[in-house]
Number of protein chains: 2
Amino acid sequence: MKKVSSKVVERLLIYRRLLRLYMQTDGPNIYSHQLSRMTGFSSAQVRRDLMEIGYFGSSAHGYDAEELLKSIDEFVNISEDFSIALVGLGQLGRAILDYFQGHGPNLRIEVGFDINPQKIDRVIQGCRCFHVDRMDEVLKNTNILVGIIAVPATNAQDIADRFISNGINSLLNYTPTRLQLPPHVFVENIDLMNSIEKAIFFARRPR
Amino acid sequence: MKKVSSKVVERLLIYRRLLRLYMQTDGPNIYSHQLSRMTGFSSAQVRRDLMEIGYFGSSAHGYDAEELLKSIDEFVNISEDFSIALVGLGQLGRAILDYFQGHGPNLRIEVGFDINPQKIDRVIQGCRCFHVDRMDEVLKNTNILVGIIAVPATNAQDIADRFISNGINSLLNYTPTRLQLPPHVFVENIDLMNSIEKAIFFARRPR
DNA sequence: TTCACGTTGTGATTTTTTTCACATGATTGC
DNA sequence: GCAATCATGTGAAAAAAATCACAACGTGAA
Ligand SMILES: NC(=O)c1ccc[n+]([C@@H]2O[C@H](COP(=O)([O-])OP(=O)(O)OC[C@H]3O[C@@H](n4cnc5c(N)ncnc54)[C@H](O)[C@@H]3O)[C@@H](O)[C@H]2O)c1
Ligand SMILES: NC(=O)c1ccc[n+]([C@@H]2O[C@H](COP(=O)([O-])OP(=O)(O)OC[C@H]3O[C@@H](n4cnc5c(N)ncnc54)[C@H](O)[C@@H]3O)[C@@H](O)[C@H]2O)c1
């Protein structure tokens, strides 16, 4: 199967979300220039991206929103069978849990891990929480595909290694730690301080 | 002054953080291949990036860590004179505030805004919080360079417009809303759901 | 002094990503 | 039926980003 870059996937997922909203209020069809305005990507970019997944519109009515959405859905193939583990139930971890709660049952955080006794062996926001020492044991019995790391920076590498040794090769890393990972592992680094610093830089310098 | 891409700035800021750690424990000099291992970027990439800011090492001892750090600092020129405003003091907003508290006084969130009466007109984590209706008035009297948006998605555009009309042209957007912005405004979108979906996609598909 | 080694700086090249620009095709109004 | 209009799909071009690969240099050992 053809390989697709992370950037294309990211944009497809953005179209997907916007299409859902669009269909609630607007007509059944949509043009690349509309998706362009909604996203800020160029319309040529939009058309290229849709080419990638082999969806074809008509030159008269653009794209059928429902069909397009279905095509993207099939392509990304995200279903509730695939769940998520979260390590670190601090400020950030709990905000993340909270967020998932509000977002329907299509994706959910299946299990959480921490070391703080106050946070383990109970259910927080519908998420069963365990001591981090039980990661191997618990992960064996679940169908986790993605691990979220929200522990203090110094523990991030340990947690990543633990995920990987349990066959989880797709991670979200909320810590500033640069993880050392084998090449087959996908990681998305979400680094607030880096983002802020970039924003400060570009606040005073044009791009 | 030469324009630098966002990617280069992002990496420079990563070197910067790693250099600080490195200097605490390791020798006074550092090689591009070490920065490469620490970051995951290629060593040629590292050298190119340092070229961009005109820092030169020696072929014998690589880079002088302290000097290099100083060069990057000068280049990015981030000081405590520039502060940040945060709108939306919910779960996520408070996690962000918390995070900044722990990170020394070099960068701070100067003011917060919300509509919830329980959260306004008091100081939360050292941050003065106001009603969102007072944004114009309050922003006039501060030296805010960057705005963080952590309100519900439906209000994000309003808040962005408000920031921009007050001359703040660098934003962090934590909502999934795609903001419509004039071209001179810098925005970094941090979209958890998008990241997760990408991670799920690549958990099952090689890149 | 001379040589081997390991590293930098960078021109050249390759790869990836985006944009351009236009032929093609569907629709509408007359 | 026909022309005018407007979008799509896409080859080609351009731009951006990353990698290659090697001359040049400084060091230390002999
Ligand atoms: N709060 C934010 O907005 C924010 C923003 C960006 C990045 N971060 C990063 O996210 C991480 C967590 O931030 P936070 O604000 O939630 O911190 P926090 O201290 O509130 O939470 C950390 C949690 O991890 C748990 N923990 C500690 N060591 C552990 C281990 N070895 N295994 C499992 N759990 C462990 C702690 O018990 C705690 O519950 C940090 O690395 C921080 O740099 C946070
Ligand atoms: N919690 C997360 O981890 C998380 C992750 C990703 C994205 N987000 C996004 O961040 C945003 C906030 O998430 P949250 O979990 O903190 O939600 P929340 O409901 O806990 O917080 C929202 C806050 O915004 C305030 N608010 C509402 N309307 C406002 C307005 N017009 N002006 C100013 N303040 C207003 C509310 O009073 C509340 O304090 C949402 O858009 C959400 O999609 C949250």
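No hydrogens, no waters, no symmetry mates; every other heavy atom, side chains included, goes into these values. In the text below, chain A, chain B and the rest are named by the order of the sequence lines, each starting its count at 1.
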Could you check whether B/Arg17 pairs with A/Asp191 (Lys NZ or Arg NE/NH1/NH2 to Asp/Glu carboxylate O, under 4.0 Å)?
yes
How is B/Ser5 classified with respect to the nucleic acid when contacts are heavy atoms under 4.0 Å: base, sugar-phosphate, or nothing?
sugar-phosphate
Nearest whole angstrom, please: distance from the C1' of C/dG6 to the CG of B/Asn29.
13 Å
Could you check whether any side-chain N or O of A/Thr39 sits under 3.5 Å from a backbone N or O of A/Phe41, counting only pairs where one atom can act as donor and the other as acceptor?
yes
Going 5' to 3' through nucleotides 19-30 of chain D, assign each nucleotide B (protein heavy atom under 4.0 Å from a base atom), S (under 4.0 Å only from sugar-phosphate atoms) or - (no protein heavy atom that close).
B-B---BSS---
Side chains of A/Tyr63 and A/Asn29 only: does a donor on one sit below 3.5 Å from an acceptor on the other?
no
Given atom CD of B/Glu10 and atom P of D/dA17, what is their separation to the nearest angstrom?
12 Å
With a non-hydrogen cut-off below 4.0 angstrom, is B/Ser32 in contact with a base, only sugar-phosphate, or nothing?
sugar-phosphate
A/Gly62 or B/Ser6, whichever maps to the more 5' nucleotide of DNA chain D
A/Gly62
Pi-cation contact, A/Phe186 with B/Arg204 (under 6.0 Å, within 45°):
no
Rounded distance (Å) that lies between atom C1' of D/dC6 and atom CD1 of A/Ile30:
17 Å
Length of the NZ-C1' vector between A/Lys7 and C/dT16, whole Å
9 Å
Could you state the atom-to-atom distance from NE2 of B/His33 to C1' of C/dT8 in whole Å?
11 Å
Considering only NZ, NE, NH1 and NH2 on the basic side and carboxylate oxygens on the acidic side, decide whether A/Arg20 and A/Asp73 come within less than 4.0 Å.
yes
OP1 or OP2 of D/dG9 versus the side-chain N and O atoms of A/Tyr63: is any pair under 4.0 Å?
yes
Which pair of non-hydrogen atoms, one from A/Val46 and one from A/Ser36, has the smallest distance, and what is that distance?
CG2-N, 4.0 Å
Rounded to the nearest angstrom, tell me the gap between atom OH in A/Tyr55 and atom P in D/dT10.
14 Å
May I ask you to say whether B/Arg134 pairs ionically with B/Glu137, meaning some side-chain N is under 4.0 Å from a carboxylate O?
yes
Between A/Leu68 (CG) and D/dA7 (C1'), how many Å, whole number?
15 Å
Atom CZ of B/Arg11 to atom P of D/dA17: distance rounded to whole Å?
9 Å
